[in-house]
Structure formats: structure tokens, C-alpha cells
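Worksheet: the structure to be examined is printed underneath.
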Amino acid sequence: MRIFFLSLGTCTSPNPLVLPNYSIEKNTPTTGHELKAAVVREVGDAHALKVETDFPTPELKPGQVIVKNQYAGINFIDTYHRKGLYPRDLPFVGGQEGGGTVAAVSDEAAAEGIKVGDAVAYSVFGSYAQYTAVPSAKLLPVPDGVGLDVATSCVVQGLTAHYLTTSAHADLIKPGEWCLIHGVAGGTCQWAAQMAKLRGFKVIGTCSKGKADIAKSLGCDDLIVLDEVPGASYEDYESVDIVSRVMEVTEGKGCKAVIDGIGKSTVDISIGSLAHRGIFVSFGNASGAVPAFPVLRLIGKSAYVTRPKLLDYTVDRAELVSRADEIFGWLKAGKLNVCVDTAFPLDQAAEGHLYLEAGKSKGKVLYKIE
């Protein structure tokens with residue numbers, strides 16, 4: 001595991017050389033050629049993710065670039081797609097987070113100042129591959145001095161944590177009020193705990209005993225340490241009376257916001273930990289999907305519930321860049337720590353998913369793509 005304290009420089013983009021149709025890096029495969037990719041043809045367990053060496057190279061369309069990937073992020077949402085929990089058309093290339101260099105540029109992207117060789121990160125489907133077609137509006141320039149592994153780590157998890165702590169709670173929590181965040185030693189919620197503190201919230205975090213060292217470094221005001229569930233990506237949420245502890249810490253008031261990526265195992269805890277007119281923000285399913293429940297459960301505290309997703313909080317380039325700029329600004333000021341746990345070679349695609357789902361990670365898990 002590596003922890004990075006980053007100082008970011010300024011990224012500049014000289015005017016590109018515009019060639020007929022598009023600019024293309026030497027030796028970049030063109031349509032009709034084949035590439036290596038981790039592909040799902042039938043939904044299932046981690047072994048449904050198969051590495052193929054003859055998958056078609058993506059076509060460069062107007063307004064797009066082709067990115068030669070060096071890293072792809074592994075996220076829980078990728079496992080939901082692989083399992084069929086979030087259905088996608090089959091077959092599909094896994095992943096939705098990548099980082100690398102621009103290998104080919106459409107005329108439209110070139111007119112925006114994007115050129116072959118630019119270091120970029122992005123979030124679109126199909127990042128578990130050597131090359132990915134990416135709309136120029138989805139690109140984030142990687143600032144000087146930032147490694148592509150770190151930049152890739154910032155995209156899905158960093159942006160998710162950002163919208164969770166700045167927007168998804170609909171301003172129902174104010175600085176100085178309490179926020180409960182489950183699984184703060186995991187990837188996304190390491191970011192979320194730090195960002196919540198930057199927003200001025202008081203944070204109660206939950207974590208497993210095996211990850212307490214990571215959780216203690218995040219600045220939580222109170223930490224509830226739980227027993228582990230062997231082979232699982234989440235903790236034993238019955239090993240401690242979390243609701244009682246939350247009420248003790250908050251002097252009986254509860255939390256104005258609960259950020260919950262665990263799902264089935266924590267839904268009752270999350271609702272029970274809310275303050276009056278608090279909001280339950282359910283964004284993940286690590287222990288299984290949240291079962292349906294009657295809205296009448298919320299009447300006791302006039303509580304709110306939301307089930308957000310990242311795409312609805314990066315609806316246009318302006319919102320995407322605004323969130324990314326604030327994240328990079330915090331990094332530049334040394335206010336955020338980025339933890340990269342490990343990088344699997346793409347040939348070990350199944351192993352990467354198994355590692356994440358087993359709860360072994362203490363930070364970001366990536367594929368390194370050759």
C-alpha cells in the first residue's frame with residue numbers, strides 16, 4: 001500500500017496539429033484490429049470476467065478521443081455489472097474508470113485543444129482494455145507531477161465521495177452537525193470521511209478491526225471498530241450496538257446524514273442513527289442490495305432517503321470539472337491523502353475482483369495495463 005501526498009502543477013495544452021479526419025499516435029491500432037480486454041459475456045462470479053486478446057478496437061467517432069490505458073480502476077459498481085445486479089447489454093468490456101495517454105483525436109476534440117500524448121483520466125464504460133473511446137467532454141487533464149495511477153484513483157471514488165459529501169445530502173446537514181459514514185477504511189469512504197471533515201461536519205466512522213489503522217488516520221471525531229466477517233468486503237455490523245453508540249456520541253440527537261455503501265446489513269442501523277429531519281444516503285450494496293421498505297418507517301423522525309448515482313451529479317462538463325477542480329485543489333493543499341493499495345495486471349482480471357469483494361483492500365485497487 002502506498003500513501004501519496006501530492007503537489008500538483010498546472011496542466012497546459014498547446015495547440016494541436018490537426019490532420020485530416022484525426023490525429024493518431026504511431027502504432028495505435030485502428031478499427032478492424034484487435035486488443036486485449038477483460039470481457040463479460042455471461043453474468044456471474046468473478047470468473048465471468050474473461051481476458052480476451054482479440055476484442056475489436058473501438059471506433060473513433062466525432063467528438064471522441066482514443067485513450068491508450070495504463071491503469072483502470074476497480075470499483076464495486078463493476079462487480080454489480082458483472083453479476084447482473086445493474087444489467088448491461090452483453091457482451092461488454094468491464095470497468096468505467098481509466099487513465100492513460102491520448103492516442104487518437106477526432107477533429108472536434110482537436111479543436112478543443114486536446115492532442116495526442118496528453119495524459120488524461122476519465123469515467124466511461126469499457127476501461128478494462130488497452131484502448132477506450134472516450135468523449136472529449138469526459139476527459140480530465142492530469143496535472144503535472146501526478147502519476148496516472150493516482151489520477152485514475154481520483155475519478156470514480158473521488159468524484160463519488162465529493163457528491164456524497166457536498167450535494168447528495170441536499171444541505172440537510174450543516175457544518176458542526178454529525179455525519180455517520182460506514183466503512184471509512186474502504187476506498188470511496190476514505191475520501192468521503194476526509195471530505196466531510198473539510199466541509200466542517202463532525203464524523204463518526206465505522207470500520208473493521210483489521211483496518212482500524214487506516215481509519216484512525218482520517219480524522220474522524222469518533223470511530224466504531226467492528227469485528228470482521230471473514231472473506232467479506234464489509235464488517236460484522238452486529239458485533240457492536242452502533243445505534244446506541246451513535247446516540248451516546250451525539251448526546252441523543254443522532255446524525256443529520258448517514259452515508260452508507262454497505263447496503264443490506266446496515267439499512268436498519270442507518271435509519272435508526274438518523275436525527276430528526278436527517279437523510280439516509282444509500283449509495284452501495286457491498287453486503288447486498290437494500291431491501292424494499294415502507295416509507296412509513298421514516299415518519300418517526302420525518303427523515304429523508306436518497307439512492308444517488310455519480311452520473312446524476314456530473315450531468316455536464318461544467319459540473320464534472322467543478323468537482324474535479326475542487327478535489328485537485330484539496331490535493332494540492334495537502335488536505336487529502338490518496339491511498340493506492342495494489343495494481344493487478346489485466347491478465348489477472350478475476351483476481352482483482354476477488355480481492356476487492358473479499359474486503360482485503362485498504363485503498364484503491366487498480367489494473368495495470370500493458
(request) Using the test ring-ring contact (aromatic ring centres under 6.0 Å, His included), find all partners of Phe125 that sit at least two apart in sequence or belong to another chain. (result) His81
(message) How about CD on Glu351, more than 12 heavy atoms from neighbouring residues, nucleotides or ligands closer than 6.0 Å, or not?
(response) yes
(message) Is it the case that the side chains of Asp347 and Tyr367 hold a donor-acceptor pair, with the cut-off being a distance below 3.5 Å and no angle test?
(response) no
(request) Can you tell me which residue pairs pass the ring pair (Phe, Tyr, Trp, His ring centres under 6.0 Å) test with a partner in residues 234-286, sequence neighbours excluded? (result) His182-Tyr237
(message) Other residues, nucleotides and ligands only: do more than 12 of their heavy atoms fall within 6.0 Å of NZ on Lys83?
(response) yes
(request) Ignoring hydrogens and angles, tell me if any N or O in the side chain of Ser273 forms a donor-acceptor pair with the backbone of Val243 under 3.5 Å. (result) no
(message) Is it the case that atom NZ in Lys301 sees more than 12 heavy atoms from other parts of the structure closer than 6.0 Å?
(response) yes
(request) Look only at the side chain of Thr206 and the backbone of Gly183, and say whether a donor-acceptor pair between them is shorter than 3.5 Å. (result) yes
(request) Output yes when a side-chain donor or acceptor of Ser106 lies under 3.5 Å from a complementary backbone atom of Ala109, and no otherwise. (result) yes
(message) Closer than 4.0 angstrom, basic N to acidic O: yes or no for Glu177 and Lys174?
(response) no
(message) Check whether Thr160 reaches the backbone of Leu310 with its side chain - one donor and one acceptor, N or O, closer than 3.5 Å.
(response) no
(request) Taking Lys50 for its side chain and Ala37 for its backbone only, find out whether a donor-acceptor pair lies under 3.5 Å. (result) no
(message) Suppose clustering is done on Ile, Leu, Val, Met, Phe, Trp and Tyr with side-chain heavy atoms closer than 4.5 Å. Which residues sit in the same group as Ile173?
(response) Phe201
(message) Can a side-chain donor-acceptor contact be found between Tyr313 and Thr166 if the only test is distance below 3.5 angstrom?
(response) no
(message) I'd like to know if the side chain of Asn69 reaches the main chain of Ala129, judged simply by a donor and an acceptor atom lying under 3.5 Å from each other, with no hydrogens or angles considered.
(response) yes
(message) I'd like to know if Asp221 and Lys197 make a salt bridge, using a cut-off of under 4.0 Å between side-chain N and carboxylate O.
(response) yes
(request) Might you confirm whether atom NZ of Lys216 has over 12 heavy atoms from other residues, nucleotides or ligands at distances under 6.0 Å? (result) no
(message) What verdict does the side-chain contact (heavy atoms from CB on, under 4.5 Å) test give for Val39 and Leu49, after you've listed the backbone C-alpha separation in whole Å, the side-chain angles of each residue and the deciding distance to 0.1 Å?
(response) CA-CA 6 Å; Val39 182; Leu49 194 60; over 6 Å; no
(message) If the threshold is 4.0 Å, N to carboxylate O, is there a salt bridge linking Lys202 and Asp222?
(response) no
(request) Check step by step if side-chain contact (heavy atoms from CB on, under 4.5 Å) holds for Val120 and Leu140. (result) CA-CA 5 Å; Val120 295; Leu140 293 175; over 6 Å; no
(request) Could you tell me whether Glu112 and Arg317 make a salt bridge, using a distance below 4.0 angstrom between a side-chain N and a carboxylate O? (result) no
(request) Hey, could you give me the CD1/CG distance between Ile259 and Leu180, rounded to the nearest 0.5 Å? (result) 9.0 Å
(message) Between Asp118 and Lys115 (side chain of the first, backbone of the second, donor and acceptor by atom type, cut-off under 3.5 Å), is there such a pair?
(response) yes
(message) Could you measure the distance from the CD1 atom of Ile181 to the OG1 atom of Thr188? Nearest 0.5 Å is fine.
(response) 11.0 Å
(message) Working note: His353 + Arg82, criterion side-chain contact (heavy atoms from CB on, under 4.5 Å); need CA distance, chi angles, decisive distance, verdict.
(response) CA-CA 10 Å; His353 274 215; Arg82 189 206 71 221; 2.8 Å; yes
(message) Please determine whether a side-chain nitrogen of the Lys or Arg among Glu370 and Lys36 lies less than 4.0 Å from a carboxylate oxygen of the Asp or Glu.
(response) no
(request) May I ask you to check whether over 12 heavy atoms, not counting those of Arg297, lie within 6.0 Å of atom CZ? (result) yes
(request) Verify the distance criterion only: is there a donor paired with an acceptor across the side chains of Ser239 and Asp236 at less than 3.5 Å? (result) no
(request) Mind running salt bridge (charged side-chain N to carboxylate O under 4.0 Å, His left out) on Glu108 and Lys61 for me, showing each step along the way? (result) CA-CA 10 Å; Glu108 295 82 1; Lys61 296 179 179 179; over 6 Å; no
(message) Is a donor from one side chain sitting under 3.5 angstrom from an acceptor on the other, for Asp260 and Thr266?
(response) yes
(request) Please name the pair of heavy atoms, one in Pro308 and one in Ala168, separated by the smallest distance, quoted to 0.1 Å. (result) CG-CB, 4.2 Å
(request) For the pair Lys256 and Asp171, find out whether any cationic side-chain nitrogen is under 4.0 Å from an anionic carboxylate oxygen. (result) no
(request) Could you tell me whether Arg199 and Glu326 have a side-chain N and a carboxylate O separated by less than 4.0 Å? (result) yes
(message) Is there a path of hydrophobic side-chain contacts, each under 4.5 Å between heavy atoms of I/L/V/M/F/W/Y residues, joining Val281 to Val290?
(response) no
